[in-house]
Asker: 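Pasting in a structure now, in structure tokens, and then I'll have a few things to ask.
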Amino acid sequence: MNTKENLSKFLFVSNRSQLDDFILLKPDIGFYIGKTNIDDLTKTAILENHWYPSADYVFPHSEHNRNNKLRKRYPSFKHLKPYNWLVLSDLCQGLFCKYCFMFAPSTSSNNQLNTLVKKPLITFAKLDCQNGTLNMHARNKYHHNAVDSGKIFLRTYLCPGKDIIYQVCSQRVQQIKDNRERLRPIIESLIFCGRQTIALRGHRDDGSIIDIDRDDNNASITSNEGNFRELLRLRIRSGD
């Protein structure tokens, strides 16, 4: 059955809600070929919950002439299980790398990326031997980069608190909050002095409020830096 026939079978489901559930909960990567606006929810579903053949599924095959004999070659569960990046598209009757499909560049080393990336692998001879199609694909640098990008995407989508940008923004928000909390006692002290018509300035009202070289216990009882500054020191000694 070719891709168009499969697409027709896929679209003409008796229950439209079943089709929607199928696409969202068990997406088939073949349905998204050529689409550039795949949302994050669908990407996550493809990476974590792609459609998987049932135990009695009849796998597609390709035919090869060997020693004047026509032989059929099939993908199977023994290919899907060890290669955790490999998925079978029932719609296209072929194999895809789910990470490269979404995260690999369009070209690599000036070569257009097609099979397993933008187009399904539909020739199933020599899939998993040492220099077979799957092992060769797994050794490509663009594949490793795509897998890393996919894992980072999942971490960010499923645990947004771990996203670096989110963390930087959170730290900035926390810093703003801390600065506002530090301003609060200063403003409250100013309002208190104003309400009580207490003068703010003393004969000395510059320098740091917290002086590491100053020992308040040994300070002269006659020293006075003004009501406002002394009021702030009182609040500090009170645990503010």
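One is the number of the first residue; the rest follow in order along the sequence.
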Asker: Check for me, please, whether I33 and L113 land in the same ILVMFWY cluster - side-chain distances under 4.5 Å, paths through other members count.
Answerer: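 No, no single cluster joins them.
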
Asker: Pick out which of F31, Y57, F96 makes a ring pair (Phe, Tyr, Trp, His ring centres under 6.0 Å) with W51.
Answerer: Y57

Asker: Which heavy-atom pair separates S189 from F228 by the least distance, and what is that distance?
Answerer: CB-CE1, 3.9 Å

Asker: How long is the gap from NE2 on H79 to CZ on F59, to the nearest 0.5 Å?
Answerer: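 It is 9.5 Å, given to the nearest 0.5 Å.
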
Asker: So do the side chains of I176 and N179 get within less than 4.5 Å of each other, counting heavy atoms only?
Answerer: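 Heavy-atom side-chain distance check fails, nothing below 4.5 Å.
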
Asker: Can any side-chain N or O of T156 pair as donor or acceptor with the backbone N or O of I152 at less than 3.5 Å?
Answerer: yes

Asker: In the hydrophobic cluster built from side-chain contacts under 4.5 Å, what are the other members alongside L183?
Answerer: I187, I191

Asker: Y74: which residues meet the ring-ring contact (aromatic ring centres under 6.0 Å, His included) condition with it, sequence neighbours left out?
Answerer: H61

Asker: Mind checking whether H64 and K69 have side chains closer than 4.5 Å, heavy atoms only?
Answerer: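 No, side chains not in contact.
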
Asker: Which residues pass the ring-ring contact (aromatic ring centres under 6.0 Å, His included) test with H137, not counting sequence neighbours?
Answerer: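 Checked H137 against ring-ring contact (aromatic ring centres under 6.0 Å, His included); matches are W85, Y142, H143.
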
Asker: According to side chain to side chain contact (heavy atoms under 4.5 Å, CB included), who are the partners of I198, at least two apart in sequence or on a separate chain?
Answerer: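 Result, side chain to side chain contact (heavy atoms under 4.5 Å, CB included) vs I198: F192, C193, Q196, N227.
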
Asker: Under the rule for side chain to side chain contact (heavy atoms under 4.5 Å, CB included), what residues qualify as partners of K81, not counting sequence neighbours?
Answerer: Y52, F77

Asker: Can you name the closest pair of heavy atoms from S62 and F124 and give their distance?
Answerer: OG-N, 2.9 Å

Asker: Hey, does L86 have a side-chain heavy atom less than 4.5 Å from the side chain of L116?
Answerer: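 A side-chain contact under 4.5 Å exists here.
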
Asker: Taking all heavy atoms of L95 and all of P75, pick out the closest pair and write down the distance.
Answerer: CD1-CB, 4.1 Å

Asker: Would you say the side chain of M102 lies within less than 4.5 Å of the side chain of L47, judging by non-hydrogen atoms?
Answerer: yes

Asker: Among residues at least two apart in sequence or on other chains, which ones pass side chain to side chain donor-acceptor pair (under 3.5 Å) with T197?
Answerer: none

Asker: Evaluate D128 against T133 for side-chain contact (heavy atoms from CB on, under 4.5 Å), listing each step before the verdict.
Answerer: CA-CA 7 Å; D128 56 353; T133 307; over 6 Å; no

Asker: With salt bridge (Lys or Arg N to Asp or Glu O under 4.0 Å) as the rule and sequence neighbours excluded, what pairs involving residues 176-193 come up?
Answerer: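 Sorted result for residues 176-193: E181-R184, E188-R235.
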
Asker: Is the shortest side-chain heavy-atom distance between R233 and E230 below 4.5 Å?
Answerer: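 Side-chain contact under 4.5 Å: yes.
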
Asker: State the CG-OG1 distance between N37 and T42, to the nearest 0.5 angstrom.
Answerer: 9.5 Å

Asker: How close do A104 and A146 get, heavy atom to heavy atom, and via which atoms?
Answerer: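 Shortest heavy-atom separation between A104 and A146 comes out as N-CB, 4.0 Å.
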
Asker: At what distance, to the nearest 0.5 angstrom, does NZ of K98 lie from CD1 of I46?
Answerer: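 Rounded to the nearest 0.5 Å, the NZ-CD1 separation comes out at 10.0 Å.
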
Asker: To which residues is M136 joined in a hydrophobic cluster, defined by side-chain heavy-atom contacts under 4.5 Å among Ile, Leu, Val, Met, Phe, Trp and Tyr, whether direct or through other members?
Answerer: none

Asker: Kindly write out the residues that satisfy ring-ring contact (aromatic ring centres under 6.0 Å, His included) with Y99, not counting sequence neighbours, or none if the list is empty.
Answerer: none

Asker: Are the side chains of F103 and V147 in touch, meaning some heavy atoms are under 4.5 Å apart?
Answerer: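 They are not in side-chain contact.
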
Asker: Under 3.5 Å, is there a donor-acceptor pair between the side chain of D28 and the main chain of D90?
Answerer: yes

Asker: Which pair of non-hydrogen atoms, one from H50 and one from L88, has the smallest distance, and what is that distance?
Answerer: CE1-O, 3.3 Å

Asker: With sequence neighbours left out, write down each residue that passes side chain to side chain contact (heavy atoms under 4.5 Å, CB included) with C129, or none if nothing qualifies.
Answerer: K126

Asker: Quick one: list whatever passes side chain to side chain donor-acceptor pair (under 3.5 Å) with N145, sequence neighbours left out.
Answerer: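 Not a single residue meets the side chain to side chain donor-acceptor pair (under 3.5 Å) criterion with N145.
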
Asker: Is there a continuous path of hydrophobic side-chain contacts, each under 4.5 Å between heavy atoms, that joins L134 to V117?
Answerer: no

Asker: Going by side chain to side chain contact (heavy atoms under 4.5 Å, CB included), name the residues that satisfy it together with N84, two or more places apart in sequence or in a different chain.
Answerer: none

Asker: When you compare the side chain of L80 with that of P53, does any pair of heavy atoms fall below 4.5 Å?
Answerer: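 Yes. Closest side-chain heavy atoms under 4.5 Å.
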
Asker: Within a reach of under 6.0 Å around CD1 of I122, are more than 12 heavy atoms found that belong to other residues, nucleotides or ligands?
Answerer: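 No, CD1 of I122 has 12 or fewer neighbouring heavy atoms, counting only those of other groups under 6.0 Å.
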
Asker: Looking only at heavy atoms, what is the nearest atom pair of N131 and R139, with distance?
Answerer: OD1-NH2, 3.5 Å

Asker: R73 vs R66, test: side-chain contact (heavy atoms from CB on, under 4.5 Å). Steps then yes/no.
Answerer: CA-CA 12 Å; R73 292 291 181 265; R66 184 176 181 182; 4.0 Å; yes

